[in-house]
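Report on one structure; see the data block that follows.
Counting starts at 1 for both ligands and their atoms, following the listed order.
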Amino acid sequence: MKRIVVLISGRGSNMQAIARCCAEQGWPARVAAVVADRADAPGLAWAASKGIATAVVERRGHASREAFDAELMRVVDGWAPDLVALAGFMRILGPAFVRHYEARLLNIHPSLLPAFPGLHTHRRALQAGCKAAGATVHFVTPELDHGPIVMQGVVPVRPGDDEAALAARVLATEHAIYPLAVRWFVEGRLRLHDGLVTQTEGASQVLI
Ligand code: GAR
């Protein structure tokens, strides 16, 4: 059984999608723990209600970002994870953390990378007049919101969309692609070579 640790900062709807699919689809894995950088992250209560171990590592109380990263690493390593999945974890992780989990650290970002790394992706997509938007699951590298792309979900931008409407449509595709990408990882179906990801079967995009 592979062990997955999910890192969240907020509601954790992607974490819930992963945990649900893992249990319902009988993956050779389990969500061993959910770790948040905020004690008030609503996703923690959901995880606890499902019997998943939880932990909190807050930035305050650590003298530097490096010290925070080191403590987070120590806590996460307590579950000896095969995979660490960032799911709305809103902190930039330093190079030592990223190197430590190299090739076993995934993130989901609410844009079609390499477009719109960083924050306010939906606002920026609307301002740019994009006709399609979406989300990307990628392996994490030290450069923010970059790294080998595992899977993308694409949705239309509709006339009259505001940020909330577009975010909701993109979130629905996130809940489809992130569990699938994690499933591929735990089933050993992803190959990472020269900064590119291939997988042994199935399509690497969800088009809605
Ligand atoms: C998701 O839309 C995720 O893509 C985004 O935060 C949201 C978390 O929602 N992540 C980022 O912006 C990371 N750069 P959730 O807590 O309900 O999964």
Side-chain angles (χ1 to χ4, degrees), residues 4-22 31 33-50 52 54-59 65 69 72 83-94 97-98 101 105-128 130 132-155 157 161-183 185 205-206 208:
I4 304 166
V5 171
V6 186
L7 269 51
I8 64 169
S9 294
R11 76 192 149 183
S13 69
N14 278 287
M15 172 274 294
Q16 293 179 30
I18 290 167
R20 267 201 210 100
C21 289
C22 182
V31 176
V34 173
V35 181
D37 65 333
R38 305 172 52 116
D40 61 356
L44 287 172
W46 184 89
S49 78
K50 299 292 171 196
I52 299 171
T54 62
V56 176
V57 181
E58 293 197 304
R59 171 65 178 85
R65 196 180 85 178
D69 281 8
L72 185 60
L83 173 68
V84 177
L86 307 180
F89 187 72
M90 302 308 278
R91 272 189 192 282
I92 296 174
L93 295 161
F97 188 97
V98 171
Y101 296 106
L105 183 59
L106 288 175
N107 181 43
I108 188 155
H109 183 74
S111 79
L112 294 173
L113 292 174
F116 310 125
L119 297 175
H120 309 302
T121 53
H122 308 303
R123 189 187 311 166
R124 287 154 67 206
L126 289 169
Q127 282 167 352
C130 291
T136 304
V137 178
H138 65 99
F139 281 101
V140 176
T141 55
E143 195 181 349
L144 179 67
D145 295 331
H146 280 72
I149 291 173
V150 177
M151 192 166 202
Q152 293 186 307
V154 182
V155 299
V157 178
D161 268 354
D162 59 10
E163 236 178 296
L166 183 56
R169 197 173 307 122
V170 170
L171 190 65
T173 199
E174 294 184 42
H175 295 164
I177 64 172
Y178 209 3
L180 196 47
V182 170
R183 181 177 186 169
F185 182 95
Q205 65 285 114
V206 170
I208 293 177

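- Counting only N and O atoms by type, the side chains of Ser13 and His175 include a donor and acceptor under 3.5 Å apart.
- Atom CZ of Arg183 has more than 12 heavy atoms from other residues, nucleotides or ligands within 6.0 Å.
- Among protein heavy atoms, atom 14 (N) of ligand 1 sits closest to His109 ND1, 3.3 Å.
- For the pair Arg123 and Leu126, the minimum side-chain heavy-atom distance is 4.5 Å or more.
- In terms of N/O distances under 3.5 Å, ligand 1 is not approached by Phe89.
- Comparing Gly12, Gly10, Pro42 by heavy-atom distance to atom 16 (O) of ligand 1, the nearest is Gly12.
- Of the possible donor and acceptor atoms, one in the side chain of Asp145 sits under 3.5 Å from a partner among the backbone N and O of Gly118.
- Residue Arg11 has at least one heavy-atom neighbour below 4.0 Å for each of these atoms of ligand 1: 9 (O), 15 (P), 16 (O), 17 (O).
- From the protein, the heavy atom lying nearest to atom 3 (C) of ligand 1 is Glu174 OE1, 3.3 Å.
- Gln152 contributes a side-chain N or O that, together with a main-chain N or O of Leu113, makes up a donor-acceptor pair within less than 3.5 Å.
- The option from Gly88, Ala17, Ser13 that lies nearest to atom 8 (C) of ligand 1, judged by heavy atoms, is Gly88.
- Considering both main-chain and side-chain atoms, Asn107 never comes within under 3.5 Å of ligand 1 through any nitrogen or oxygen pair.
- Listed by atom number, the atoms of ligand 1 under 4.0 Å from Ile108 heavy atoms are 4 (O), 10 (N), 13 (C).
- For atom 12 (O) of ligand 1, the closest non-hydrogen atom of the protein is Pro110 CD, 3.4 Å.
- The environment of CD1 in Ile92 is sparse: at most 12 heavy-atom neighbours from other residues, nucleotides or ligands sit within 6.0 Å.
- Heavy atoms of Met15 stay at 4.0 angstrom or farther from ligand 1.
- Proximity of a side-chain donor or acceptor of His109 to a complementary backbone N or O of Thr136 within less than 3.5 Å is not detected.
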